[in-house]
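These notes concern the structure reproduced below.
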Amino acid sequence: MTITIGVLALQGDVREHLAALEAAGARAVTVRRPEELARVDGLVLPGGESTTIDKLLRVFELDEPLRDRVAAGLPVYGSCAGMILLADRILAGTADQRTVGGLDVTVRRNAFGRQVDSFETDLPFAGLPGDDPTVHAVFIRAPWVEETGPGVEVLARIPDAGTPGIPEPAAGRIVAVQQGSLLATSFHPEISGDTRVHELFVEIAKG
């Protein structure tokens with residue numbers, strides 16, 4: 001069964017997600033209008049600037065339709081800024097910043113630091129398709145999860161302190177979670193060439 005997954009195309013790395021979803025077996029389309037949102041079986045909220053995407057959701061009159069569809073059970077995957085948009089609670093956000101919500105987590109915006117603090121590492125990731133339990137994760141001005149609610153499953157954490165290449169404050173932090181049909185990662189699998197996180201989301205959307 002081929003399903004249609006939308007990628008919110010207001011700002012951020014849209015093209016990379018479209019390609020990864022197609023490689024994962026979905027029909028991938030862009031979403032900029034409420035009528036396009038109404039036609040998809042799942043949605044990706046891409047990386048970018050969370051405050052900008054929040055403002056554009058209001059400008060394009062997508063904010064309330066998206067909240068309604070998430071509340072009704074629409075499968076959604078958020079990467080980096082998309083994780084922030086899905087979170088019920090934000091730390092270090094701007095005064096007027098709003099989220100779509102639905103994911104019972106507290107996320108710290110820009111937790112890993114500035115663009116120059118970007119890094120890559122290999123992470124064990126629960127539930128990945130295939131035999132390799134690790135994913136190569138690229139972190140770019142990324143958030144992390146500081147608190148999860150009882151219905152949230154932690155899928156990946158940053159390795160412990162002392163691992164080469166891992167910034168000290170990041171050690172042990174939660175960077176991938178799932179709650180029902182909602183999936184979120186702090187990192188950007190769409191730019192790593194590994195489509196297994198997208199494959200996992202396609203299976204969630206089918207289910």
Side-chain angles (χ1 to χ4, degrees), residues 5 7 12-26 28 42 44-48 75-87 103-113 115-149 151-207:
I5 305 292
V7 178
D13 50 349
V14 175
R15 181 179 61 183
E16 293 85 351
H17 278 291
L18 290 170
L21 287 167
E22 292 280 354
V44 171
L45 302 178
V76 181
Y77 165 46
S79 68
C80 197
M83 171 185 270
I84 297 170
L85 289 164
L86 279 179
L103 191 57
D104 187 10
V105 297
T106 301
V107 168
R108 182 171 292 279
R109 179 172 170 264
N110 292 343
F112 288 97
Q115 193 88 7
V116 296
D117 299 311
S118 302
F119 71 100
E120 304 178 23
T121 190
D122 292 324
L123 302 175
F125 192 112
L128 279 181
D131 298 327
D132 184 357
T134 63
V135 64
H136 187 71
V138 180
F139 294 87
I140 304 170
R141 293 183 62 206
W144 64 46
V145 176
E146 293 212 350
E147 181 182 58
T148 64
V152 177
E153 179 184 4
V154 175
L155 301 180
R157 292 177 181 267
I158 296 290
D160 292 336
T163 303
I166 300 299
E168 183 69 28
R173 295 293 187 175
I174 298 168
V175 292
V177 292
Q178 181 181 350
Q179 182 179 1
S181 60
L182 302 180
L183 176 69
T185 63
S186 299
F187 53 90
H188 292 266
E190 72 280 2
I191 63 176
S192 70
D194 184 344
T195 63
R196 289 176 299 153
V197 173
H198 291 81
E199 291 171 24
L200 173 62
F201 178 59
V202 169
E203 290 306 309
I204 290 170
K206 288 180 178 178

Query raised in the report: Which heavy atom in Leu103 sits nearest to a heavy atom in Ala184, and how many Å separate them?
Result: CD2-CB, 3.8 Å
Requested in this report: Output yes when a side-chain donor or acceptor of Asp122 lies under 3.5 Å from a complementary backbone atom of Thr134, and no otherwise.
Outcome: no
Query raised in the report: Hey, what do you get for CD (Glu16) to OG (Ser79), rounding to the nearest 0.5 Å?
Result: 10.0 Å
Query - Test log, rule side-chain contact (heavy atoms from CB on, under 4.5 Å), inputs Leu123 and Val175 - result: CA-CA 10 Å; Leu123 302 175; Val175 292; 3.7 Å; yes
**Report entry** Audit row: His198, Glu190, side chain to side chain donor-acceptor pair (under 3.5 Å) steps and yes/no
**Finding:** CA-CA 8 Å; His198 291 81; Glu190 72 280 2; 5.0 Å; no
Query raised in the report: What's the shortest heavy-atom distance between Ala156 and Pro124, and which atoms?
Result: CB-O, 3.5 Å
Query raised in the report: Are any non-hydrogen side-chain atoms of Trp144 and Val107 less than 4.5 angstrom apart?
Result: no
Query - Side-chain touch Val44/Val76, heavy atoms, less than 4.5 angstrom - result: no
**Report entry** Audit row: Met83, Val145, side-chain contact (heavy atoms from CB on, under 4.5 Å) steps and yes/no
**Finding:** CA-CA 9 Å; Met83 171 185 270; Val145 176; 3.8 Å; yes
Query raised in the report: Hey, are the side chains of Pro189 and Tyr77 touching, using non-hydrogen atoms and a 4.5 Å cut-off?
Result: yes
Requested in this report: To the nearest 0.5 angstrom, please state how far the CD atom of Glu153 sits from the CD1 atom of Ile174.
Outcome: 11.5 Å
**Report entry** Shortest non-hydrogen contact from Ala81 toward Pro46
**Finding:** CB-O, 3.9 Å
Requested in this report: Over all heavy atoms of both residues, which pair between Pro143 and Cys80 is shortest? Give the atoms and the distance, please.
Outcome: CG-O, 3.6 Å
Requested in this report: May I ask you to check whether Ser192 and Asp194 show a side-chain donor-acceptor distance below 3.5 Å?
Outcome: no
Query raised in the report: Please walk me through it: do Glu120 and His136 pass side-chain contact (heavy atoms from CB on, under 4.5 Å)?
Result: CA-CA 7 Å; Glu120 304 178 23; His136 187 71; 2.6 Å; yes
Report summary line: side-chain contact (heavy atoms from CB on, under 4.5 Å) test vs Phe187 passes for just one of Ile158, Ile140, Val135, namely Val135
Query raised in the report: Does Glu147 reach the main-chain N or O of Thr106 with its side chain, forming a donor-acceptor pair under 3.5 Å?
Result: no
Query raised in the report: Could you state the interatomic distance from CZ (Phe201) to OG1 (Thr185), rounded to the nearest 0.5 Å?
Result: 11.5 Å
Requested in this report: Decide side-chain contact (heavy atoms from CB on, under 4.5 Å) for Ile204 and Gln178; before the verdict, give the C-alpha distance in whole Å, the side-chain angles of both, and the deciding distance to 0.1 Å.
Outcome: CA-CA 10 Å; Ile204 290 170; Gln178 181 181 350; 3.5 Å; yes
Query raised in the report: Does Glu199 come within less than 4.0 Å of Arg196, counting only side-chain N to carboxylate O?
Result: no
**Report entry** Donor-acceptor pair, side chain of Arg141 and main chain of Arg109, under 3.5 angstrom
**Finding:** no
Query raised in the report: Where the side chain of Arg157 meets the backbone of Arg173, is there a donor-acceptor pair that is under 3.5 Å apart?
Result: no
**Report entry** Partner of His17 by side-chain contact (heavy atoms from CB on, under 4.5 Å), out of Val7, Ile5, Ile191, Leu45
**Finding:** Val7
**Report entry** Side-chain heavy atoms of Ser186 within contact of Phe139, under 4.5 Å
**Finding:** yes
Requested in this report: Please report the closest heavy-atom contact between Val177 and Thr148, naming both atoms and the distance.
Outcome: CG1-CG2, 4.4 Å
Query raised in the report: About how many Å separate CG of Leu200 and CG of Leu155, when rounded to the nearest 0.5 Å?
Result: 7.0 Å
